[in-house]
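Here's the structure, in structure tokens; my notes come after.
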There are 2 protein chains.
Amino acid sequence: MPGKTINPEEWLTALNESGIRVTAVQETLIDIFAHSGYPLSAEEAWEIARQSRPQTGRATVYRMVEKLENLGLIRRVHGYQGCSHFVPTLPELMMLFICLSCGRADYLDSQPLEDLIQHSEHTSGHHITDSRLQLFGDCRACQENA
Amino acid sequence: MPGKTINPEEWLTALNESGIRVTAVQETLIDIFAHSGYPLSAEEAWEIARQSRPQTGRATVYRMVEKLENLGLIRRVHGYQGCSHFVPTLPELMMLFICLSCGRADYLDSQPLEDLIQHSEHTSGHHITDSRLQLFGDCRACQENA
DNA sequence: TCCTTATTGATACATAGTATCAATAAGGAT
DNA sequence: ATCCTTATTGATACTATGTATCAATAAGGA
Ligand SMILES: [Zn+2]
Ligand SMILES: [Zn+2]
Ligand SMILES: [Zn+2]
Ligand SMILES: [Zn+2]
């Protein structure tokens, strides 16, 4: 939501610059994750990939998901149909909202989270290096449709 | 941290009031979860349980963990050694900090999270009904020991 | 004490994810 | 373009995590 959008070309570049070879599976999976409006599991991505590339291996998809996650291009969604679904990373520090009715993901402005982390560091004395925040509920559109 | 502490008796009461019978396994598992200072998986709890009750069944532990989670007595920790570890629920709305060095859990004051949720509801228009926030890093003690 | 029924523990099964390894193919060198 | 090296792939087997089934057990009321 805040400015940034997904550019599959940038994802390919990021993969290649990390020393990974350019392959057909890469492009297939990047397209799948970058263009899906809702969280996808590796298993679901595999199904979709086989529609256009039937020989795609299951392990390959899991490996690719791991690489995309390690590069920070996709992020795991925790607590939405388990913890095995992923969405593209939009801002570095994400405040992700998932609608429990329609399943769509929305990226909220993350400034409040930055403030919260700063504040918690000061009051607790802990050094916070990583965080994950997930919000669930009914999105605006679903509320209006009800 | 904020006031409240764990009282195994209250957990037993909560279980029984939900229509569940009082059994030896209940007490064993409640003790295990209530007194462990760090997140535990069902598998780990099973191991510990068998030390004092060798006949304890694996499925029973998983069932018990599910019940405790459904009653809100324990909560899943996401992103710390996977997503299959649990800690006792302290405040209703938890800001949980996990130290990546010593593994200990700390419960921070959750007012900032309440504020964040209120603010995000107003600016996004979504109705937020559930949230999970996890913070990771180096706790104060571990920083001092380094 | 007896009876009913929730709970248990053993087993089998299901799902999610990982290790192994021979076959393939990317991309640089010739 | 051809060859060579080696990362990547896909098939398979395996591990880990979690669930369904069901006979045996035991809680708790009659
Ligand atoms: Zn899905
Ligand atoms: Zn919606
Ligand atoms: Zn999770
Ligand atoms: Zn620590």
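Numbered from 1 within each chain, the chains take letters A, B, ... in sequence-line order.
- One atom, CD of B:Q55, and another, P of C:dA10, lie 8 Å apart when rounded to the nearest Å.
- If you check C:dG17, D:dA20, D:dG18 against the side chain of A:R58, the one that comes closest is C:dG17.
- Atom CZ in B:R63 sits about 16 Å away from atom P in D:dT25, given to the nearest Å.
- For B:E47 and D:dA16, the CD to C1' distance is 13 Å, given to the nearest whole Å.
- The interatomic distance linking B:L40 (CG) with D:dT17 (C1') rounds to 16 Å, in whole Å.
- In this structure, the CG atom of B:N16 is 11 Å from the P atom of D:dG29, given to the nearest Å.
- Atom-to-atom distance recorded for B:Q134:CD and A:S131:OG is 10.0 Å, nearest 0.5 angstrom.
- Side-chain heavy atoms closer than 4.5 Å link hydrophobic residues (I, L, V, M, F, W, Y) into clusters, and following such links, possibly through other members, connects A:I32 to A:I20.
- The residue B:R53 sits close only to the backbone: its heavy atoms come under 4.0 Å of sugar-phosphate atoms, none of a base.
- The CD atom of B:Q26 sits 9 Å away from the C1' atom of C:dT7 (whole-angstrom rounding).
- Between the CH2 atom of A:W46 and the C1' atom of C:dG17 there is a distance of 12 Å, rounded to whole Å.
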For DNA chain D, the dot-bracket notation using Watson-Crick and G-U wobble pairs below 3.5 Å, [ ] for pseudoknot-type crossings and | for other-strand pairs, is ||||||||||||||||||||||||||||||
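- Closest contact between the side chain of A:R21 and the listed nucleotides C:dG9, D:dG10, D:dT6 involves D:dT6.
- At a cut-off of 3.5 Å, with distance as the only test, a side-chain donor of B:D106 or A:H126 sits close to an acceptor on the other residue.
- Note: CD (A:E66) to P (D:dT9) measures 13 Å, nearest angstrom.
- Among the atoms of the strands shown, only primed sugar atoms or phosphate atoms (P, OP1, OP2) are found under 4.0 Å from some heavy atom of B:T56.
- Contacts of A:T60 with the nucleic acid, taken as non-hydrogen atoms under 4.0 Å apart, include base atoms.
- A:R76 and A:E69 are joined by a salt bridge, as a carboxylate oxygen and a charged side-chain nitrogen come within less than 4.0 angstrom of each other.
- For the atom pair B:L12 CG and B:D31 CG, the distance stands at 8.5 Å (nearest 0.5 Å).
- Relative to the side chain of B:V25, the nucleotides D:dA7, C:dG9, D:dA26 differ in distance, and C:dG9 lies closest.
- When distances are taken from the side chain of A:Y62 to each of C:dA16, C:dT8, D:dG18, the shortest belongs to C:dA16.
- Distance from the side chain of B:T23 is smallest to C:dT7 among C:dT7, C:dG9, D:dT6.
- When the options A:L68, A:V77, A:I74, A:L40 are evaluated for a side-chain contact (heavy atoms from CB on, under 4.5 Å) with A:F86, the one that passes is A:I74.
- Atoms OG and CD, on B:S110 and B:E114 in that order, are 5.0 Å from each other to the nearest 0.5 Å.
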